[in-house]
Asks: 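Next up is a structure, given as structure tokens.
This one's a predicted model, so the numbers in the text were calculated from it and none came from an experiment.
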Amino acid sequence: MTSSAAYRRTFASLSTVAVLTLGLAACSDASSTGDDAAASDKGSGTETIGVSLIVKTTTNPFFVAMQDGAKAAAAEHGVELTLAAGKEDGDEETQIQAIENAIAKGDRGILITPNGPSVVDAISKARDAGLYVIALDTPPDPADAVDITFATDNRLAGQLIGEWTAAQLGGEKATIALLDLFDDKIVSVDYNRDQGFLEGMGIDVADPNANGDEAATGSYDGGEYEIVGNEATQGAEDGGRTAMENLLAKNPDINVVYTINEPAAFGAYQALQAAGKEDDVLLVSIDGGCAGVQNVAEGIIDATSQQYPVKMAELGVEAISKLATDGTAPETSEGLDFFNTGVELVTDTPADGIESIDSAAGTDICWG
């Protein structure tokens, strides 16, 4: 297994890139992806195609990768790209200001990973002003508040790690800790992953769009379960560590840990390691980032569902460019109300009947 210090060095280097990226965005109204003449030539006549990418935060390498994908696509398509981000996961006010800035600049479109419900009114104003708004990764509530969403099927991502967990338990009682995103607001990525995980395990959920209201005990596919509790992590390493400590204090016999993302998973691992329980728990997560897949390879995370933020951003920039140049709007995937950018289960302990790739393959395509 890798040490906590080694992981922190990996994560810190990614965070440094994130901070630098955010700093560059703050110092300029636009992050240029080519000279203005090239952008004009590739756009409609002399008109520059302006696009703003507004992510949740740049402290998470997932969103740094998304920015990198958007920059590459903007250079390819002659788009003038502006980068903005919340100060932390859940920071709605900074995102709202970035939306207002995009309207004022006359952008053709916005790509956004919404930080919460308060952003929806600002999105509505942008659409009323003629901007085409694409949600990435996290659809707003309601989903039709944006023109379209490009995202992972988060429900499926949760179901995959849930099915894998049930198979690995082999009938053993599941004593479950659920490490979610928020406890003070409701966002679809949070409940879709959590509830998808429980559905994958074969546990009946009450309201499929709410965390924590399912029966605390009952049966899963293969045996009996007990849910120790739900704790918010803010999607961060320190939040994951604190959440895991709190749940271990309630029940030290936890043997299944679901986490909203891989930073939270590593924080949970630190708490488990400190308690001497890291080898007694199935720890599963969602994201499939390069550092997270390395954690799978090292046995820190047992399985993760890999999503593809670079692809989300690239397709989003391309879609707005195409809409601006020839009027062609993107379409949702068949049978879904969003465009599905794909998901793969990554584990080095495959389960019969559950399709997966190993950590070597996951490393080759991490972030997409």
Side-chain angles (χ1 to χ4, degrees), residues 15 18-19 21-23 25-26 29 31 51-67 70 81-105 107 109-129 131-152 154 179-194 209-212 230-240 243 260-261 263-264 287 309 312-313 316 338:
S15 297
V19 171
T21 304
L22 180 58
D29 286 340
S31 177
V51 175
S52 287
L53 171 64
I54 307 167
V55 297
K56 290 183 178 180
T57 174
T58 50
T59 60
N60 187 332
F62 179 91
F63 298 112
V64 177
M66 188 175 281
Q67 289 182 328
L81 181 67
T82 300
L83 301 177
K87 297 180 179 68
E88 60 186 2
D89 211 329
D91 174 13
E92 296 165 298
E93 288 305 314
T94 303
Q95 287 199 326
I96 291 169
Q97 183 60 58
I99 294 169
E100 292 173 352
N101 291 344
I103 297 170
K105 290 194 292 87
D107 279 351
I110 291 172
L111 309 174
I112 185 168
T113 58
N115 257 333
S118 296
V119 178
V120 170
D121 286 345
I123 290 173
S124 178
K125 291 178 183 177
R127 295 178 72 190
D128 288 345
L131 282 72
Y132 193 84
V133 182
I134 300 176
L136 304 180
D137 179 56
T138 305
D141 186 13
D144 62 4
V146 294
D147 290 287
I148 192 171
T149 295
F150 288 2
T152 307
N154 282 302
L179 274 59
D180 296 320
L181 186 56
F182 299 127
D183 57 7
D184 59 347
K185 65 182 71 178
I186 297 172
V187 294
S188 60
V189 67
D190 201 0
Y191 62 71
N192 275 325
R193 292 183 179 188
D194 174 297
N209 297 333
N211 289 342
N230 299 67
E231 288 278 334
T233 67
Q234 312 302 313
E237 182 181 323
D238 58 348
I260 180 69
N261 65 7
D287 264 356
M312 295 175 200
F338 61 94

Asks: Regarding Asn101 and Gln97, do their side chains bring together a donor and an acceptor under 3.5 Å, going by distance alone?
Replies: yes
Asks: A side-chain contact here means heavy atoms from C-beta on lying under 4.5 Å apart; do Asp137 and Phe63 qualify?
Replies: yes
Asks: Compare every heavy atom of Asp287 with every heavy atom of Pro263, then report the nearest pair and how far apart it is.
Replies: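 For Pro263 versus Asp287, the nearest heavy atoms are CD-OD2, 4.4 Å.
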Asks: If we only count heavy atoms from C-beta on, is the Ile112 to Gln95 side-chain gap below 4.5 Å?
Replies: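 When only atoms from C-beta onward are counted, Gln95 and Ile112 do touch, with a gap below 4.5 Å.
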Asks: Taking Gly235's backbone N and O only, do any of them form a donor-acceptor pair with Thr233's side chain (distance below 3.5 Å, no angle check)?
Replies: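 Side chain of Thr233 to backbone of Gly235, a donor-acceptor pair under 3.5 Å: yes, one is there.
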Asks: Would you sort out whether Ile96 and Glu100 count as a side chain to side chain contact (heavy atoms under 4.5 Å, CB included), showing the intermediate values?
Replies: CA-CA 6 Å; Ile96 291 169; Glu100 292 173 352; 3.8 Å; yes
Asks: Drop me the distance from Ser52's OG to Ile110's CD1, to the nearest 0.5 angstrom.
Replies: 6.0 Å
Asks: Can you measure from CG (Asn192) to CG (Asp194) and round to the nearest 0.5 angstrom?
Replies: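 These two atoms lie 9.5 Å from each other.
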Asks: To the closest 0.5 Å, what do you measure between CD1 (Ile260) and CD (Glu231)?
Replies: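 It is 14.5 Å, given to the nearest 0.5 Å.
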Asks: Assess whether atom CD1 of Ile186 is packed by more than 12 heavy atoms of other residues, nucleotides or ligands within 6.0 Å.
Replies: no
Asks: Determine, step by step, whether Ile99 and Lys125 satisfy the side chain to side chain contact (heavy atoms under 4.5 Å, CB included) criterion, reporting the C-alpha distance in whole Å, the side-chain angles of both residues, the deciding distance to 0.1 Å, and the verdict.
Replies: CA-CA 9 Å; Ile99 294 169; Lys125 291 178 183 177; over 6 Å; no
Asks: Please name all residues satisfying side-chain contact (heavy atoms from CB on, under 4.5 Å) with Pro140, sequence neighbours left out, ordered by chain then number.
Replies: Pro114, Val120, Ala135, Ala145, Val146, Thr149
Asks: Can you name the residues that form a side-chain contact (heavy atoms from CB on, under 4.5 Å) with Gln234, not counting sequence neighbours?
Replies: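 Applying side-chain contact (heavy atoms from CB on, under 4.5 Å) to Gln234 gives Phe182, Ala232.
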Asks: Ala85 and Thr94: which non-hydrogen atoms are nearest, and at how many Å?
Replies: O-CG2, 3.2 Å
Asks: Do Leu111 and Ile54 make a side-chain contact, defined as non-hydrogen atoms from C-beta onward lying under 4.5 Å apart?
Replies: no
Asks: Is any side-chain heavy atom of Tyr132 closer than 4.5 Å to a side-chain heavy atom of Ile148?
Replies: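 Yes, at least one pair of side-chain atoms sits under 4.5 Å.
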Asks: Testing the 3.5 Å rule here: is there a donor-acceptor pair between the side chains of Asp180 and Asn230?
Replies: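 A donor-acceptor contact under 3.5 Å links the two side chains.
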Asks: Locate the shortest heavy-atom distance separating Phe62 from Met312; write the atom from each residue and the value.
Replies: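 Closest pair (atom of Phe62, atom of Met312, distance): CZ-CE, 4.3 Å.
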Asks: With a 4.5 Å heavy-atom cut-off, do Gln67 and Thr58 have their side chains touching?
Replies: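 In contact.
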Asks: Salt-bridged, Lys185 to Glu92, with N to O below 4.0 Å?
Replies: yes
Asks: Without swapping roles, check the side chain of Asn115 against the backbone of Asp91 for a donor-acceptor pair under 3.5 Å.
Replies: yes
Asks: Testing the 3.5 Å rule here: is there a donor-acceptor pair between the side chains of Asn60 and Thr57?
Replies: no
Asks: To the nearest 0.5 Å, how far apart are CG in Leu181 and CG in Asn211?
Replies: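 If I round to the nearest 0.5 Å, the distance is 9.5 Å.
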Asks: Begin with the C-alpha distance, continue with both residues' side-chain angles, and end with the deciding distance and a verdict on side chain to side chain contact (heavy atoms under 4.5 Å, CB included) for Thr138 and Ser188.
Replies: CA-CA 7 Å; Thr138 305; Ser188 60; 4.2 Å; yes
Asks: Decide side chain to side chain contact (heavy atoms under 4.5 Å, CB included) for Leu81 and Leu53; before the verdict, give the C-alpha distance in whole Å, the side-chain angles of both, and the deciding distance to 0.1 Å.
Replies: CA-CA 7 Å; Leu81 181 67; Leu53 171 64; 4.2 Å; yes
Asks: Name all residues meeting the side chain to side chain donor-acceptor pair (under 3.5 Å) criterion together with Thr113; count only those two or more places apart in sequence or in a different chain, and write none if there are none.
Replies: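 For Thr113, no residue satisfies side chain to side chain donor-acceptor pair (under 3.5 Å) once neighbours in sequence are set aside.
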Asks: Going through the checks in order, is the side chain to side chain donor-acceptor pair (under 3.5 Å) test met by Thr59 and Lys87?
Replies: CA-CA 8 Å; Thr59 60; Lys87 297 180 179 68; over 6 Å; no
